Amino acid sequence: MNIAEAPAQPQITRLDDYRAPDYLIDTVSLEFELDASETRVTSKLKMRRNPEGQGGPCILNGEYLTLVSIALDGKTLTGNEYQRTTDTLLLPQVPASFELEIVTLIHPDQNTALEGLYHSGAILCTQCEAEGFRRITYYPDRPDVMAVFTVTLIADAKKWPMLLANGNRQASGEMEDGRHWVRWHDPHPKPSYLFALVAGDLYCQQDQFTTMSGRQVLLEIYVDPENHNKCDHALNSLKQAMRWDEDVYGREYDLDVFMIVAVNDFNMGAMENKGLNIFNAACVLASPETATDADFYTIQSIVGHEYFHNWSGNRVTCRDWFQLSLKEGFTVLRDQQFSADMNSAAVQRIDDVDQLRSMQFAEDAGPMAHPVRPDSYIEISNFYTVTIYEKGAEVVGMLKTLTGPEGFRKGTDLYFSRHDGQAVTTDDFVKAIEDANQLDLTQFKRWYTQAGTPVLIVEAHYDADKQVLELTLRQSCPATPGQPEKQPFVIPVAMGLLSSSGASLPLQLDTETSAVDAETRVLTLTEQSQTFRFIHLTEEPVVSVLRGFSAPVKVKFERDNETLAFLMAHDRDSFNRWDAGQQLLIQIMLRMVEQYQSDKTLDLPEILLDRLQHVLDDQSIDPALVARMLSLPSENYLAAQMTIADVDAIHAVRKYVKQQIAQRLKAGFNTRYQALNQAQVYEFNASQMAQRSLKNVCLGYLMATGDPMQTQRCLKQMKQADNMTDLLAGLRLMVDQPGPEREHALRAFYEQWQHDRQVVDKWLTVQAVSDLPDALFRVKALLKHPAFSMKNPNNVRALIGQFCRNNPVHFHAKDGSGYRFLAEQILLLDKLNPQVAARQLGAFNSWRRYDAERQALMKKSLSDIAGAQDLSADVYEIVNKYLAD
Ligand code: BES
Ligand code: ZN
């Protein structure tokens, strides 16, 4: 018996090397004799030569497999009739069409990487995207090989009463030895990465959905029995998503059943396996007492996201993994639109842009910068990035802006019908949008191939005599690894002009006979520099650019505090109102950082306090927007705006600004807190969420006054809270204050919620991001706490991940203790779970932006990682890209 072990040395895969598969598979029949320590997999493949292939040998992928037997057309092959490497199986001589039967053994209970078949508590489940199926059986594990799957699961009936796989349930039965079996058939051809199975003793909550053509679909959510009361929200979200995709994209569900399973151990958030989505329990379970508004919100969007993949990803899939954004970028756009429609569109846009600018812009400015369609990778798992996802969504969003909503819908209709059942490329997607709209998007496609965040430089010049405003737009894009020069992008710039009273001014270019009938119009920048002349302007307008953040660019537009304050009050676009406030805060805070560095007194301009006061007092603005306008830019985001990030100065300034605002607006915070703090039955809706978010922002400022009365108020809120949003907001604030009340609050919280994994993770996070000097000491102690396991990705992210990413002052401690801690943890993790280990490296992404001493310390820690024995390909790739910077 041969055993295939770990794959060969890290190798680079290149888009240019893509070749169509030499063999295709029509049908797959899989039989699993499930057992935690040794599962036997029998695979029968009906294969045939691909007329579009190169006529090469038949090569199958396989890793960590024990091969029992191979038979070709019923004849068992001997060892010299096939060849094996550590990660492939090669059959040199096969006929034009044939049947292959392969038996392998796999070991789920030894699988800590959580790829392939593994154990999560008492549940057996799979994760196959991107290349996990090869850990289950030998197979051409690439997305352009699509087959019809029939799956038979055999398992102990007591231990695993529920046996689930993709598609529709076909047959089932009992066996004499106490085992039972279930057979599933999925009529839709799919790539191996969408295969899934689940075996467990689970509670199932059911519902029904009638599709637009009148078909009945059974909806099922499977969870650990103790979570039976946490399914309603996900089920409601699923029904909303199914209806929304019919209404907005004309997409109907295509099987008789749609299942969601929650598991505690999961590398990502959730996975769109055909008809059988598997979710990280944290991304599906919710009750008001245990989940925050943010959790409810995320769950709705993830349930939507995975459901939307049924069309954007499953029915039409990716040709190869370089096309990942084809499904992920587009599906993120779809889930963002869905969330915007279900909740507040303005708030959704603000939160999406905030995340894009703080995470993706940093990635684009660092050593891992890559295009939305990368051209090479070592480990594909490392390319599930904010660039592929969030920037990818922005790129599709720009296509929507350029074609308009109807044109875009025509384009997506054509894309889905033209490519249904196919594995395609981002070029195919763009081609469908082009063909449906008679557009030429050749230049636009640079967004897919060029990395880096373009800079948009804006200059406005008003000529009072001519009543003309000259608006000059220029673009440039910094060099990124492997791409020293960039060609100009197509940048849609949504903009408007405001009068001094805040009214919209007419938008007529000198080349036009009349003004457009809208307060916002889109200028399309295609050259390196272009000037637009607006005419008939009797007063000097205030320019509002990039409304709704119409392109993923950095805007450089010199504006004084007064202009930003004006836009913050008067812009017609709520996104830009928020953004003007953020730009104002950044401008002011960065100046204060300089003052701090040169020991000058910190000067907080009156105009900011005055504006914030108005925002706080304005009852006509959605409280959710008020909450966001009153929130200061994060320390990480401020750091990214500096040539050399000064974590300590930023921390001190941000704290000072917060205290000053708190002191000055104390009365207002008090009034609004009281008005918003009404007892009501918790509901997940935009209006209640808005109230709670503003209420808790007010409480945060009130606590920043240092008034002991406010601490009492915070404790009272925690005591009275009937929902996790208010309780956790209180706990977070308490934990940043030293003293016995802090320890007591933490202890009481743990005692109350120790039985609940999702809540315990919040408890870990609150301590990991704490402002107090002993943060790292605590984090280290918590590694040994019974609630923490290094094998559980959620625990790792909640404690280690949160400390390293969201506690900049302590992670970047001058003595390098934070860096050494992370390096040690990454090396431990890499032995257990390479994907999770590699993700934690992200905390070092911006290491080149710190002072020389910190850079040296980070470099030392990175070198320690790079020098370790037997690194996974995942960690190897990232650490070496960082060090090469
Ligand atoms: N297809 C991914 C899940 C995935 C990613 C599996 C990488 C294996 C490797 C899924 O559709 C996804 O994108 N999930 C996101 C959440 C989503 C709302 C953006 C995730 O898991 O973070
Ligand atoms: Zn996805």
Side-chain angles (χ1 to χ4, degrees), residues 113-116 118 125-135 141 143 190-196 234 237-238 241 245 260-263 265-284 294-318 321 323-340 342 348 351-352 355-356 359-360 372 374 377 379-394 396 793-794 797 801 833-839 842 873-874:
L114 314 186
E115 288 177 86
Y118 68 93
C125 64
T126 54
Q127 171 55 41
C128 293
E129 188 179 0
E131 297 181 336
F133 193 74
R134 61 188 64 184
R135 295 177 185 228
D141 191 13
K190 65 169 175 291
S192 50
Y193 84 86
L194 291 173
F195 165 83
S237 303
L238 176 59
D245 212 16
I260 288 178
V261 181
V263 298
D265 304 274
F266 201 74
N267 283 347
M268 303 288 290
M271 177 63 208
E272 70 267 25
N273 317 300
K274 183 80 188 189
L276 177 58
N277 289 359
I278 299 182
F279 272 64
N280 186 324
C283 297
V284 60
D295 296 327
F296 273 83
Y297 202 94
T298 310
I299 289 166
Q300 184 184 48
S301 91
I302 301 195
V303 168
H305 178 99
E306 306 310 337
Y307 174 74
F308 301 142
H309 270 315
N310 191 56
W311 275 96
S312 49
N314 301 4
R315 288 287 287 253
V316 183
T317 196
C318 300
W321 292 117
Q323 318 301 326
L324 182 57
S325 196
L326 172 78
K327 75 176 178 82
E328 294 302 347
F330 184 25
T331 304
V332 169
L333 176 79
R334 276 150 60 66
D335 82 53
Q336 291 175 346
Q337 288 180 282
F338 168 62
S339 294
M342 295 299 119
Q348 175 69 26
D351 291 353
D352 288 338
Q355 133 119 350
L356 180 87
M359 311 283 294
Q360 199 278 325
V372 169
Y377 58 76
E379 173 52 63
I380 185 57
S381 301
N382 286 332
F383 284 79
Y384 287 74
T385 61
V386 276
T387 299
I388 302 295
Y389 277 69
E390 262 63 40
K391 186 173 180 178
E394 293 298 322
V396 182
N794 288 358
R797 286 183 280 254
N833 188 328
Q835 278 187 22
V836 173
R839 287 221 168 241
D874 310 58

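Owing to the predicted nature of the structure, the values given are computational and were not obtained by experimental measurement. Positions are given from 1 along the sequence. Whatever order the structure lists ligands and atoms in, that order sets their numbers, starting from 1.
- Among residues two or more places apart in sequence or in another chain, the side chain to side chain contact (heavy atoms under 4.5 Å, CB included) test is passed with Ser325 by Val372, Ile388.
- Residues Val332 and Tyr389 come closest through the heavy atom pair CG2-CD2, 3.5 Å.
- A perpendicular orientation is assigned to the rings of Tyr193 and Trp321, their planes being inclined by more than 60° (bins at 30° and 60°).
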Identify all pairs of nitrogen or oxygen atoms, one from ligand 1 and one from the protein, separated by less than 3.5 Å, and list them with distances.
from: ligand 1; atom 1: 1 (N); to: Glu129; atom 2: OE1; distance (Å): 2.6
from: ligand 1; atom 1: 1 (N); to: Glu272; atom 2: OE1; distance (Å): 2.6
from: ligand 1; atom 1: 1 (N); to: Glu272; atom 2: OE2; distance (Å): 3.4
from: ligand 1; atom 1: 1 (N); to: Lys327; atom 2: NZ; distance (Å): 3.4
from: ligand 1; atom 1: 1 (N); to: Glu328; atom 2: OE2; distance (Å): 2.9
from: ligand 1; atom 1: 11 (O); to: Glu272; atom 2: OE1; distance (Å): 2.9
from: ligand 1; atom 1: 11 (O); to: His305; atom 2: NE2; distance (Å): 3.2
from: ligand 1; atom 1: 11 (O); to: Glu306; atom 2: OE1; distance (Å): 2.7
from: ligand 1; atom 1: 11 (O); to: Glu306; atom 2: OE2; distance (Å): 3.2
from: ligand 1; atom 1: 11 (O); to: His309; atom 2: NE2; distance (Å): 2.9
from: ligand 1; atom 1: 13 (O); to: His305; atom 2: NE2; distance (Å): 3.2
from: ligand 1; atom 1: 13 (O); to: Glu328; atom 2: OE1; distance (Å): 3.1
from: ligand 1; atom 1: 13 (O); to: Tyr389; atom 2: OH; distance (Å): 2.7
from: ligand 1; atom 1: 14 (N); to: Ala270; atom 2: O; distance (Å): 3.4
from: ligand 1; atom 1: 14 (N); to: Glu306; atom 2: OE2; distance (Å): 3.1
from: ligand 1; atom 1: 21 (O); to: Gly269; atom 2: N; distance (Å): 2.5
from: ligand 1; atom 1: 21 (O); to: Ala270; atom 2: N; distance (Å): 3.2

Side chain to side chain donor-acceptor pair (under 3.5 Å) evaluation trace for Ser301 with Ser339: CA-CA 6 Å; Ser301 91; Ser339 294; 4.5 Å; no
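- Checked against side chain to side chain contact (heavy atoms under 4.5 Å, CB included), Ala113 has the following partners two or more places apart in sequence or in another chain: Asn111, Glu115, Arg135, Pro834.
- Of the options Thr298, Asp335, Asn277, a side-chain contact (heavy atoms from CB on, under 4.5 Å) to His305 is made by Asp335 and by none of the others.
- Ala270 pairs by the side chain to side chain contact (heavy atoms under 4.5 Å, CB included) definition with Phe279, Ile302, Glu306, not counting sequence neighbours.
- Under 2.8 Å from the Zn ion (ligand 2) lies no N/O/S atom of Glu272, from backbone or side chain alike.
- Angle subtended at the Zn ion (ligand 2) by Glu328 OE1 and His309 NE2: 100°, rounded to 10 degrees.
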